[in-house]
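Data first, discussion second: the structure below is written as structure tokens.
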There are 2 protein chains.
Amino acid sequence: MDIVMIDDDRLVALSLKTILESTGQIRVTASGSSGAEAIELYRLHKPDVILMDIRMEGMSGIDAGREILREFPDAKILYLTTFSDDEYIINALSMGAKGYILKQDFEVIAPSLEAVMRGQSVFGDKIIGKIPELMKPKERFDFDAHGITDKERSIIELVAEGLSNKEIAGKLFLGEGTVRNYISSLLDKLGLRDRTQLAVFYYTEIKG
Amino acid sequence: MDIVMIDDDRLVALSLKTILESTGQIRVTASGSSGAEAIELYRLHKPDVILMDIRMEGMSGIDAGREILREFPDAKILYLTTFSDDEYIINALSMGAKGYILKQDFEVIAPSLEAVMRGQSVFGDKIIGKIPELMKPKERFDFDAHGITDKERSIIELVAEGLSNKEIAGKLFLGEGTVRNYISSLLDKLGLRDRTQLAVFYYTEIKG
DNA sequence: TTCCGCATATGACAAATGTCACTTTCCGGG
DNA sequence: CCCGGAAAGTGACATTTGTCATATGCGGAA
């Protein structure tokens with residue numbers, strides 16, 4: 001099995017290479033120490049798996065991974081990180097990484113590589129324990145704090161589905177002009193300019 | 001430990017009650033068979049944990065759970081379901097449920113309840129295996145397939161930030177009319193009606 | 001070169017949108 | 001009972017938006 005290894009810290013890279021190659025199953029085709037190199041080396045070697053640090057100088061491992069997956073949707077990316085860092089986990093997961101394991105657990109790295117190559121996904125215990133917590137919805141947007149009424153709330157939702165004023169009026173059994181007034185008031189309360197910004201607001205602040 | 005149990009199927013509810021109470025540790029304070037009841041019974045009993053089916057007549061367990069969490073952010077909700085149903089898992093997770101286990105694994109239900117009460121989250125093996133896959137980004141939107149050019153792509157993004165035609169024109173050094181034309185063409189290609197729908201499309205199909 | 005296609009642009013127009021000032025209706029507290 | 005304030009509506013208006021027909025310039029293919 002050929003792998004490419006990327007680690008900020010050359011020393012870590014080297015010792016890992018030694019450990020991994022000592023298994024006899026794994027060959028470290030190339031190694032690098034930056035996100036840019038990760039992409040380049042992946043293009044060059046098309047390894048079975050790329051083993052990559054997350055925190056690195058310059059381009060993060062996540063960004064590099066995203067780029068690699070864009071070019072090679074089947075790429076198998078396994079992140080190796082020093083400690084379980086919340087945002088990174090969620091990013092790595094949602095990006096489609098095949099795994100995320102802690103460097104401390106170095107004895108599981110080789111087996112994890114095997115598993116990943118076979119198409120499995122691997123996440124360390126401590127990682128998986130965090131997932132539910134991470135996936136909790138962001139704290140709900142506080143409509144009350146902005147003085148937004150129930151009716152206004154439902155209007156936001158309809159705008160955010162792309163309905164016209166007329167359509168909204170129909171759904172809520174209101175006059176079209178009334179809907180316009182509601183939207184006008186909403187835009188005022190939220191400091192926005194038009195319905196498109198309202199939809200954007202919905203997706204980024206409320207539902208995002 | 002007091003729990004409230006909600007199951008569509010009265011028979012299941014009854015046998016589970018028997019099983020759980022036979023441990024001596026668990027008391028089923030109340031049981032119901034619908035989402036509405038779930039909310040009501042939660043309000044009434046404030047159980048340590050609420051054990052709830054997902055698929056039910058009327059309001060789904062997810063919706064009921066959402067409502068309960070809205071009123072009681074510390075509520076511990078444990079879903080019990082017949083089989084691992086993809087959308088449900090993701091919904092339950094992102095909603096902030098404390099767990100999601102299969103009815104088949106009835107021997108783990110009691111221990112799971114304990115764990116949840118202690119603040120842990122619990123997910124069955126088969127469930128956890130699905131998480132990475134579920135979190136994968138939706139397959140990237142294929143601009144080419146819809147014949148969308150680079151410039152059009154960047155215009156979508158600006159629209160999705162809520163910019164007006166004039167502002168977009170300024171950013172891209174184009175005439176305002178030109179921007180209108182691009183958007184018009186874009187709407188045509190994507191089968192949409194106005195810029196708001198375009199923004200919605202961006203957040204739901206492209207970036208969502 | 002000529003021709004085609006693309007990107008860019010303009011002008012005219014209808015429709016949708018946002019703003020504002022002003023009713024009407026209704027409901028609960030005094 | 002009357003009052004005041006929501007909720008809902010109307011009409012007028014300026015602006016923005018989307019559509020369309022058409023024009024110009026530019027680079028590549030025939």
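Each chain gets a letter, A, B and so on, in the order its sequence line appears, and its residues count up from 1.
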Task: Separation between OG of A:S31 and CD1 of A:I3, rounded to the nearest 0.5 Å - done: 9.5 Å
- [ ] Please state how far atom CG in B:L174 lies from atom C1' in C:dA9, giving the value in whole angstrom units.
- [x] 10 Å
Task: Side-chain donor-acceptor contact under 3.5 Å, B:R55 with B:S60 - done: no
Task: Lys/Arg N to Asp/Glu carboxylate O, A:R180 vs A:E176, below 4.0 Å - done: yes
- [ ] Ignoring the backbone of B:E176, work out which of C:dA7, D:dA7, D:dT17 is nearest its side chain.
- [x] D:dT17
Task: Sugar-phosphate, base or nothing in reach of B:G175, heavy atoms under 4.0 Å - done: sugar-phosphate
- [ ] Select from B:G177 and A:L187 the residue whose nearest nucleotide in DNA chain C is closer to the 5' end of that strand.
- [x] B:G177
Task: Aromatic plane relationship, B:Y203 with A:Y203 - under 30° parallel, 30 to 60° tilted, over 60° perpendicular - done: parallel
Open item on the list: Can you measure A:I183 atom CD1 to D:dT15 atom P for me and round it to whole angstrom units?
Closed with: 20 Å
Task: Gap between atom CD of A:E114 and atom CD1 of A:I109 - 0.5 Å precision - done: 13.0 Å
Task: Interatomic distance, A:R193 CZ vs C:dT17 P [rounded to whole Å] - done: 16 Å
Task: Nearest listed nucleotide, side chain of B:T178, among D:dG18, C:dG18, C:dA9 - done: C:dA9
Open item on the list: Nearest whole Å is fine: how far is C:dT17 C1' from B:D194 CG?
Closed with: 10 Å
Task: Rounded interatomic separation in angstrom, taking CG from B:D150 and P from C:dC6 - done: 15 Å
- [ ] Specify the separation, in whole Å, of atom CD of B:Q197 and atom C1' of D:dG18.
- [x] 12 Å
TODO: Whole angstrom is fine here: how far is it from CZ in A:R180 over to P in C:dA21?
DONE: 16 Å
Task: Closest to side chain of B:R195, choosing from D:dT17, C:dT19, D:dA7 - done: D:dT17
Task: Distance in angstrom units between B:E167 CD and D:dT16 C1', rounded - done: 12 Å
Task: Residue B:N165, side-chain atoms from C-beta onward, closest of D:dA8, C:dA9, D:dT17 - done: D:dT17
- [ ] Please work out if A:S164 contacts a base, only the sugar-phosphate, or nothing of the nucleic acid, heavy-atom cut-off 4.0 Å.
- [x] sugar-phosphate
TODO: Scan B:K151 against the nucleic acid and name what it touches under 4.0 Å (heavy atoms): base, sugar-phosphate only, or nothing.
DONE: sugar-phosphate
Open item on the list: Quick check for you: among C:dT10, D:dG18, D:dA8, whose closest atom lies nearest to any side-chain atom of B:N181?
Closed with: C:dT10
